[in-house]
Undergrad: 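Have a look at this one.
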Amino acid sequence: MKPAPFDYVRAHSVDEAVRTLAEADGDGKILAGGQSLMPVLALRMARPRVLVDVNRIPGLATITPTGSDVRLGALVRHARLVEQPHHPLLAEAARWIGHTAIRSRGTSGGSIAHADPSAELPVVAAALEATVHIAGPGGTRAETATSFFAGPLETTLAEDEMITAVDLPVPSRWGFAEFSRRHGDFGLVLVVAAEVAGRWRLAIGGVGGVPLRPAEAEQLLNDGAEVDAVAAAAAAETQPQSDIHASADYRRAMTAEFVRRALASHGKRAAA
Amino acid sequence: MKAEFSVNGTRCDIDVEPRRTLADALREDLGLTGTHLGCEHGVCGACTVLVDGEPVRACLMLAVQADGCSVSTVEGLAAEDGTLHPLQEAFCAKHGLQCGFCTPGMLMTALDLLDREPAPGRERIREEMSGNICRCTGYVGVVDAVEAAAQELNPR
Ligand SMILES: Cc1cc2nc3c(=O)[nH]c(=O)nc-3n(C[C@H](O)[C@H](O)[C@H](O)COP(=O)(O)OP(=O)(O)OC[C@H]3O[C@@H](n4cnc5c(N)ncnc54)[C@H](O)[C@@H]3O)c2cc1C
Ligand code: FES
Ligand code: FES
């Protein structure tokens with residue numbers, strides 16, 4: 001199928017992009033990598049009146065180490081994340097996003113804004129308590145990932161706001177483990193464990209509407225509990241749904257196993 | 001809306017609706033029907049082309065977004081005199097295709113892989129080609145073909 005007609009505006013600055021969105025009065029959409037938006041348009045699940053292409057806005061495709069963080073401009077393509085040396089956890093997580101032709105177009109800002117709960121970058125952002133930088137017609141604001149993700153494909157972004165960058169702390173130790181039916185598919189269950197400023201955090205994707213932070217499991221982990229106890233607690237804190245891909249029970253069992261694998265992998269690749 | 005880009009080294013000027021995908025522009029406005037459309041939502045890989053040297057799903061990019069870019073399609077693989085590219089030869093020799101519908105996307109994906117990694121192992125080839133769906137051949141011939149082309153292009 002083909003997208004319904006729309007007006008196309010190529011923005012040359014963040015100001016121009018948010019101004020155009022504001023003028024579209026709720027009927028505009030940002031077009032970044034297009035790897036999630038274009039399918040939605042093709043299937044006519046959305047038919048915005050205006051598309052604001054942000055790909056030519058200068059200065060948004062940079063990866064900048066800033067002390068203990070790495071700042072990702074909104075237009076950093078997933079393929080660049082895989083290659084960069086500053087944030088090994090991000091490099092590993094990005095390898096799991098789709099295939100090469102998807103990673104060459106998809107962007108960090110688009111992935112965070114799209115907020116798919118089984119997508120890699122939102123789960124990493126949740127585990128690292130990333131800071132999302134947002135521009136709107138009235139100025140800029142920053143929000144932590146924890147409150148930014150509001151529900152499945154739902155964030156606190158207003159219709160005329162744009163993500164400009166994301167700051168992610170570089171963890172001292174980390175583990176990443178994902179199970180997907182085929183390489184390149186979205187995760188059925190994915191787990192990020194990251195030690196930041198001496199404290200471990202866990203985030204789990206694919207088991208709820210937003211990346212889950214299992215508070216009790218994190219506490220146990222930081223208290224030095226056995227990995228099995230941490231894994232069991234994390235699984236107990238999930239409330240996954242059954243769907244055509246897997247039952248809730250299966251997802252819960254996989255959560256326990258993949259928490260174990262993420263913790264066992266410590267900076268190494270932990271694969272299904 | 002006007003867009004100007006090069007395809008396989010030739011400059012093209014088109015005037016299209018913004019909603020025209022790059023895949024449709026190549027096929028319908030420029031008559032380059034080598035780029036195939038299977039799913040039209042990014043999953044099958046049949047429409048894969050290179051844009052500024054990177055593989056892209058042509059069904060997930062608007063033609064107007066290619067303005068100023070350089071696009072390579074399967075039509076640019078063979079030499080001027082019709083001599084097939086080593087990848088094309090290898091797909092023939094190793095039975096990397098049957099109906100050929102998925103083949104343009106397979107070839108462009110493999111071209112990009114061999115450009116980045118001159119000597120990938122079979123596991124890597126599988127991993128990289130796994131984003132391209134084939135309904136008839138069953139992939140073993142495809143992996144054999146990419147492996148053979150790698151050896152032909154970069155003999156050790
Ligand atoms: C076959 C296939 C497989 C895939 N597999 C995976 C996978 O395994 N894991 C994964 O994580 N993703 C996967 N994806 C999705 C892909 O990673 C996308 O890159 C990503 O979800 C969206 O980023 P984008 O830049 O393409 O955004 P777009 O598609 O351009 O936009 C997505 C949404 O975000 C909004 N948006 C974009 N940029 C901004 C911004 N800067 N500020 C505010 N809003 C913005 C858009 O308006 C739109 O609503 C897959 C896609 C395909 C087609
Ligand atoms: S037609 Fe583009 S990926 Fe299937
Ligand atoms: S050869 Fe027929 S689809 Fe691949």
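Per chain, numbering begins at 1; letters A, B, ... match sequence-line order.
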Undergrad: Would you find a donor on one side and an acceptor on the other, under 3.5 Å apart, between the side chain of A:R44 and the backbone of A:K2?
TA: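 Yes; at least one donor-acceptor contact below 3.5 Å.
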
Undergrad: Measuring heavy-atom distances to chain A, does B:D24 have an atom under 4.5 Å in its side chain, in its backbone, in both, or in neither?
TA: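 Contact with chain A involves the side chain of B:D24 alone.
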
Undergrad: Tell me, side chain or backbone of A:L37 under 4.5 Å from chain B's heavy atoms, or both, or neither?
TA: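 No part of it gets close to chain B.
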
Undergrad: Measure A:L41 against the heavy atoms of chain B and call it side chain, backbone, both or neither at under 4.5 Å.
TA: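 Neither part.
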
Undergrad: Checking B:R116 against chain A: side chain, backbone, both or neither under 4.5 Å from a heavy atom?
TA: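 The answer is the side chain of B:R116.
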
Undergrad: Contact part of B:T21 toward chain A, heavy-atom cut-off under 4.5 Å: side chain, backbone, both or neither?
TA: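 When you check distances to chain A, only side chain atoms of B:T21 fall under 4.5 Å.
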
Undergrad: Assess whether a salt bridge exists between B:K94 and B:E152, defined as any Lys/Arg side-chain N lying under 4.0 Å from an Asp/Glu carboxylate O.
TA: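 Answer for the salt bridge query: no.
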
Undergrad: Establish, from distance only, whether the side-chain atoms of B:R27 and B:T35 form a donor-acceptor pair under 3.5 Å.
TA: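 No, no side-chain donor-acceptor pair sits under 3.5 Å.
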
Undergrad: Pick one of side chain, backbone, both or neither for A:R77, based on which atoms fall under 4.5 Å of a heavy atom in chain B.
TA: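 Looking at A:R77, nothing touches chain B.
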
Undergrad: Above 12 or not: heavy atoms from other molecules or residues under 6.0 Å from CZ of B:R135?
TA: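 No.
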
Undergrad: For B:E128, which atoms come within 4.5 Å of any heavy atom of chain A: side chain, backbone, both, or neither?
TA: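 Contact with chain A is through the side chain of B:E128 alone.
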
Undergrad: If the plane angle is over 60° it's perpendicular, under 30° parallel, otherwise tilted; pick one for A:F179 and A:F258.
TA: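 A:F179 vs A:F258 ring planes: tilted.
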
Undergrad: Given that the side chain runs from C-beta out, which part of B:M61 has a heavy atom under 4.5 Å from chain A: side chain, backbone, both or neither?
TA: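 Both parts, heavy atoms under 4.5 Å.
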
Undergrad: Would you confirm whether A:N55, through its side chain, and A:A32, through its main-chain N or O, come within 3.5 Å as a donor-acceptor pair?
TA: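 Looks like yes, one N/O pair under 3.5 Å.
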
Undergrad: Mind checking the NE2-CD spacing from A:H114 to A:E154? Nearest 0.5 Å is all I need.
TA: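 Going from NE2 on A:H114 over to CD on A:E154, the span is 12.5 Å.
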
Undergrad: With chain B as the partner, which of A:A101, A:P39, A:G34, A:A42 has the greatest number of non-hydrogen pairs under 4.5 Å?
TA: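 Answer, by heavy-atom pair count under 4.5 Å with chain B: A:A101.
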
Undergrad: Go through the atoms of B:C59 and report whether side chain, backbone, both or neither lie under 4.5 Å from a heavy atom of chain A.
TA: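 Only the backbone of B:C59 comes within 4.5 Å of chain A.
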
